[in-house]
There are 4 protein chains.
Amino acid sequence: MKDNNTITFLIKAGDAKGLVSEITSFFYQRNFNILSCKQHSDTLAGKYFMRIVIDKNDLKISRKQLEDEFSQFAEKFTLEWKVNYSDQLKRVAILVSNTSHCLYHLMSKLNEGELNCEVPLIISNHPKLEYVAEQFKIPYYCLPVTKDTKPEQEQQIIDLIEKHHIDLIIMARYMQILSNNFVTRYNGKIINIHHAFLPAFEGANPYQRAYERGVKMIGATAHYATPELDKGPIIDQDVERVSHEHDPDSLKRIGKDIESIVLTRAVKAHLDDKIIVNENRTVIF
Amino acid sequence: MKDNNTITFLIKAGDAKGLVSEITSFFYQRNFNILSCKQHSDTLAGKYFMRIVIDKNDLKISRKQLEDEFSQFAEKFTLEWKVNYSDQLKRVAILVSNTSHCLYHLMSKLNEGELNCEVPLIISNHPKLEYVAEQFKIPYYCLPVTKDTKPEQEQQIIDLIEKHHIDLIIMARYMQILSNNFVTRYNGKIINIHHAFLPAFEGANPYQRAYERGVKMIGATAHYATPELDKGPIIDQDVERVSHEHDPDSLKRIGKDIESIVLTRAVKAHLDDKIIVNENRTVIF
Amino acid sequence: MKDNNTITFLIKAGDAKGLVSEITSFFYQRNFNILSCKQHSDTLAGKYFMRIVIDKNDLKISRKQLEDEFSQFAEKFTLEWKVNYSDQLKRVAILVSNTSHCLYHLMSKLNEGELNCEVPLIISNHPKLEYVAEQFKIPYYCLPVTKDTKPEQEQQIIDLIEKHHIDLIIMARYMQILSNNFVTRYNGKIINIHHAFLPAFEGANPYQRAYERGVKMIGATAHYATPELDKGPIIDQDVERVSHEHDPDSLKRIGKDIESIVLTRAVKAHLDDKIIVNENRTVIF
Amino acid sequence: MKDNNTITFLIKAGDAKGLVSEITSFFYQRNFNILSCKQHSDTLAGKYFMRIVIDKNDLKISRKQLEDEFSQFAEKFTLEWKVNYSDQLKRVAILVSNTSHCLYHLMSKLNEGELNCEVPLIISNHPKLEYVAEQFKIPYYCLPVTKDTKPEQEQQIIDLIEKHHIDLIIMARYMQILSNNFVTRYNGKIINIHHAFLPAFEGANPYQRAYERGVKMIGATAHYATPELDKGPIIDQDVERVSHEHDPDSLKRIGKDIESIVLTRAVKAHLDDKIIVNENRTVIF
């Protein structure tokens with residue numbers, strides 16, 4: 001199922017008359033078959049978003065040349081844009097602590113060919129999940145952390161990420177708060193799963209607090225990490241019905257599947273170049 | 001479908017060994033057929049809840065006598081309890097402002113015999129929905145309110161509620177905040193629908209704020225009103241998936257069905273004597 | 001919220017390279033602002049679908065002229081197409097029998113300005129729901145039917161539909177099977193709500209059969225009526241969780257809200273020109 | 001989280017007056033703390049179901065003696081019953097073919113201590129998933145099968161099941177139809193996951209058929225296997241919304257999570273002794 005024959009452009013613009021026509025003509029004139037073209041007009045903010053997928057087999061010039069030509073075109077319309085080639089697998093680092101459910105879910109999907117990426121490493125502040133990494137033959141870096149060693153440990157993570165040319169960092173229930181510095185450095189490249197239906201229960205112990213508030217549904221939220229904790233652009237959310245019969249431990253157990261699925265869906269949307277961030281919200285094509 | 005042949009006891013206790021057996025024996029010895037018996041042990045709080053439904057046709061003594069005997073029994077085990085007879089229709093007042101969807105939903109269910117209650121009056125601070133009341137031939141009291149006249153207006157509401165022997169007050173999108181005094185007076189007897197998935201977006205303009213936060217699901221929450229705004233025991237909640245395509249107006253429109261359904265479900269659970277409040281949470285049998 | 005400023009084209013084609021570009025250019029060259037443009041490529045069937053919405057305020061020529069020009073253009077690319085002007089309200093006939101929930105839901109949405117249509121008449125084979133029609137001041141035609149009078153009664157319905165220039169017929173729990181003749185005559189113009197999650201439980205008594213099969217969720221399906229009963233293109237579906245505690249009557253009660261919401265959503269999608277039928281499936285933009 | 005301190009009785013009876021009281025008294029008189037007691041009256045069929053959980057620490061006599069005494073008691077009221085001790089882990093065999101998602105989901109839950117069972121073996125007709133078994137260090141028996149060798153292969157499965165004293169057989173996307181003989185032998189002990197929302201799309205290729213029918217939601221169903229294919233008592237079901245954008249491959253991919261979760265939930269309900277089969281339906285306490 002891995003797609004390696006497409007080129008995807010993600011484009012942001014002011015909401016300009018004629019833009020669909022201009023952009024599609026750009027590709028049409030170069031003899032590209034447009035496989036998919038989706039747009040969104042944020043009329044309240046006066047912004048325009050487009051995702052356009054073309055057939056790599058139609059590429060008769062170099063990638064550089066295509067990009068140069070599009071760059072010139074984009075300047076004329078003051079478009080922000082980026083391009084992704086599906087044959088260039090994104091490189092993903094997974095950060096975990098000591099619960100395995102999100103990691104297993106990601107690994108089994110990767111295994112079955114459903115995630116268009118490579119995972120060169122798993123990083124953790126705990127030794128506990130090393131066996132999972134071993135099961136899937138992925139290098140596991142255990143970088144324990146205390147209050148005092150936090151800056152050094154984060155630097156070690158950065159070094160690993162840089163060394164391995166990582167494109168996306170997945171916080172698969174990594175239970176440390178990353179520094180502003182770290183988060184800003186990898187802006188738009190860190191996906192976190194929060195174990196609550198944001199903006200409810202931001203921060204620590206959401207299941208306990210959900211129990212205390214007596215909610216009748218619990219949820220999970222995948223979002224891009226930003227310096228403000230649990231405030232970043234939401235990619236996906238889901239919920240499950242619960243009742244008075246569920247104590248905090250049951251909520252935690254029920255929540256695991258929601259977390260796994262929501263995180264993996266968000267990661268897949270990112271890997272498939274379906275997300276454009278619009279201020280603090282996301283457009284998911 | 002209206003049930004008028006049952007007697008329902010709702011019981012709270014400390015989690016005592018043997019209580020199921022003792023309580024069911026109480027009824028068994030008096031030759032009552034137990035139609036339904038549900039329990040919940042809140043092991044964290046050390047509390048026990050029971051709902052027991054018996055067949056009214058088995059009642060060979062007076063209601064007063066049954067209650068006296070159960071009262072004596074309850075004292076022995078320090079039970080809190082109340083009893084409801086399904087042939088005594090609860091009397092409901094509906095408070096509305098200017099959106100009709102919750103009112104229509106309640107009225108059409110009432111009309112089809114699905115809500116075990118009478119609605120002797122609808123109260124509003126606006127004249128707008130009088131036509132709905134007229135459609136269903138229910139007296140409509142329009143009590144406009146300003147900051148200055150709030151206490152007087154609330155007293156008018158109280159007078160109406162007392163005069164009509166109201167058992168349950170439904171805030172079907174009544175857009176005024178009731179005073180602590182009012183809410184405390186009718187503790188456990190006011191069901192409000194909040195147009196958000198609590199505890200997210202407590203207070204005003206939840207759809208606008210949901211839009212700004214970029215959530216991927218919106219919801220509604222029915223709860224008993226308590227002095228702290230939107231903090232009362234939750235009875236029911238539900239959500240619907242939304243996307244970047246929905247502006248605040250669309251969210252509002254989508255939210256209407258969730259609000260209507262959640263409110264009516266909560267009201268039905270209350271009318272069917274299925275709810276016991278446990279501190280700030282609810283047990284829904 | 002009623003939109004009366006847009007023109008919507010629904011287009012079907014063979015999956016032709018360059019079509020997005022050509023079509024959007026058609027409108028761009030005529031100085032139309034494209035408000036929305038959605039496409040779908042059915043790559044398995046080799047078909048292409050587009051919905052394009054333009055701003056009526058940009059219309060500087062007559063509607064006829066626009067249609068003539070588009071017609072010429074469409075011929076070149078062998079497009080099937082139709083155009084709708086949002087200021088031309090669609091005229092809707094509602095058919096009911098003796099349950100009111102779907103009718104109330106439609107009426108309350110219409111009342112709140114959420115359905116872009118007029119309802120000049122309600123037709124029923126029963127007198128029972130006349131009071132609902134009266135509540136909303138809509139003419140009610142009661143056309144009782146027996147096996148013997150079926151052809152005549154259907155002719156009476158056809159006469160009413162023709163006389164009132166009806167664009168859409170909603171079967172809001174109309175419990176008669178319409179003849180092939182009728183259904184074929186109004187192909188793509190009859191929306192039916194089936195009280196089950198199709199293709200499960202086609203035909204009569206779905207809730208009873210759902211109960212007997214012991215399903216854990218029940219649902220409803222809105223679809224265009226076609227000669228084969230309950231086999232037409234599905235527009236929308238939804239489900240609700242149920243349990244062993246629900247007997248057929250409870251299932252029926254729970255199902256009502258699903259039916260109402262699914263039917264109204266399907267009707268709204270149709271009225272907003274968001275549906276293109278693709279053989280026996282639907283594209284919902 | 002593994003519970004090894006409880007004793008659970010599952011009881012079936014004719015709907016007899018006084019039964020709750022009699023049964024709870026039985027345990028009360030023997031000084032058992034009743035941790036949970038749930039009942040269901042199937043009033044249409046005149047049947048009564050109870051699940052009662054007592055504290056093993058209160059057991060002052062032998063298990064045999066408890067069972068003998070209850071047996072005598074049960075005879076008086078013509079109860080059908082069975083008892084399970086949570087410290088006696090059920091032994092589970094998992095049957096797979098060549099998709100790993102259900103297996104991974106079960107294994108990761110087992111790993112995290114959420115399934116109260118042992119898995120002494122995995123059986124497959126394919127070699128493909130041996131690596132998963134190895135990852136989790138569980139013996140893998142590859143028993144290929146052709147039309148001609150079907151009876152022998154099934155006998156080999158039976159031999160393994162008998163040898164390993166298996167209590168529950170999970171068909172985790174095992175793509176062979178088991179013989180009537182096999183299914184009857186292990187009546188109530190085989191849980192299958194069907195990749196459709198039964199009774200829709202019984203039999204082969206449900207996703208392809210769902211695509212062709214144009215459904216707007218797909219689902220999965222866990223049920224006890226019975227001789228009639230896909231007709232056994234349903235334990236759990238769930239669905240996910242899909243659209244015209246999903247081709248059969250996408251449906252398959254989306255369906256995987258539904259299958260995994262529904263199967264695991266059903267297995268957990270069985271392992272926690274929460275299921276009583278009522279003819280062709282299930283009571284899930």
Side-chain angles (χ1 to χ4, degrees), chain B residues 1-3 35-36 38 51 53 96 98-116 128-129 131-138 172-173 236 238 240-241 243 245 247-265 268 272 274 284-285, chain C residues 1-3 35-36 38 51 53 96 98-116 128-129 131-138 172-173 236 238 240-241 243 245 247-265 268 272 274 284-285:
Chain B
M1 225 98 65
K2 291 212 182 173
D3 146 41
L35 300 173
S36 165
K38 298 204 167 186
R51 176 181 187 264
V53 183
V96 296
N98 47 31
T99 50
S100 65
H101 54 285
C102 287
L103 181 57
Y104 266 123
H105 200 259
L106 286 164
M107 283 296 106
S108 64
K109 296 296 172 192
L110 184 68
N111 232 21
E112 295 221 327
E114 291 178 11
L115 295 178
N116 223 25
K128 192 179 160 189
L129 299 185
Y131 76 96
V132 184
E134 275 173 11
Q135 283 179 334
F136 293 92
K137 301 189 171 47
I138 294 178
R173 297 297 310 276
D236 203 350
D238 218 329
E240 193 70 42
R241 195 164 284 281
S243 81
E245 299 197 11
D247 60 15
D249 277 345
S250 314
L251 298 184
K252 219 175 271 184
R253 186 178 52 72
I254 293 168
K256 284 180 177 183
D257 281 329
I258 319 174
E259 295 167 28
S260 304
I261 285 176
V262 167
L263 177 59
T264 301
R265 275 203 307 236
K268 185 168 170 55
D272 292 348
K274 293 193 165 172
I284 314 283
F285 283 118
Chain C
M1 225 94 68
K2 291 212 183 172
D3 147 40
L35 301 173
S36 165
K38 298 203 166 185
R51 177 182 186 262
V53 184
V96 297
N98 47 30
T99 51
S100 66
H101 54 285
C102 287
L103 181 57
Y104 266 123
H105 200 258
L106 286 165
M107 284 294 105
S108 64
K109 296 296 172 192
L110 184 68
N111 232 21
E112 295 221 326
E114 291 177 8
L115 295 178
N116 223 26
K128 190 178 162 191
L129 299 185
Y131 76 96
V132 184
E134 274 173 11
Q135 283 180 333
F136 293 92
K137 300 186 171 46
I138 294 178
R173 299 296 312 275
D236 204 351
D238 219 331
E240 194 70 44
R241 195 166 283 283
S243 80
E245 298 198 10
D247 61 14
D249 277 344
S250 314
L251 298 184
K252 219 174 271 184
R253 187 178 51 71
I254 292 169
K256 284 180 176 182
D257 281 329
I258 320 175
E259 294 167 29
S260 303
I261 285 175
V262 167
L263 177 59
T264 300
R265 275 202 308 236
K268 185 169 170 51
D272 293 349
K274 294 194 164 172
I284 314 282
F285 283 118

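To the nearest 0.5 Å, atoms CD1 (C:I261) and CD1 (B:I254) are separated by 11.5 Å. Here C:Q135 contributes atom CD and B:Y104 contributes atom OH; the two are 7.0 Å apart, rounded to the nearest 0.5 Å.
Using a 4.5 Å cut-off between heavy atoms, B:F136 touches chain C through backbone and side chain atoms alike.
In terms of heavy-atom pairs under 4.5 Å with chain B, the best-connected choice from C:E245, C:E134, C:M107 is C:E245.
You'll find the side chain of C:T264 stays beyond 4.5 Å of the side chain of B:D257, heavy atoms only.
Results of the salt bridge (charged side-chain N to carboxylate O under 4.0 Å, His left out) test with C:E112 over B:K252, B:K128, B:K256 single out B:K256 as the only residue that passes.
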- Task: Start with the C-alpha distance between B:R253 and C:K268, add both sets of side-chain angles, then the distance that settles side-chain contact (heavy atoms from CB on, under 4.5 Å), and finish with yes or no.
- Result: CA-CA 12 Å; B:R253 186 178 52 72; C:K268 185 169 170 51; 3.4 Å; yes

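With salt bridges taken as basic N to acidic carboxylate O contacts below 4.0 Å, one links C:R265 and B:E240.
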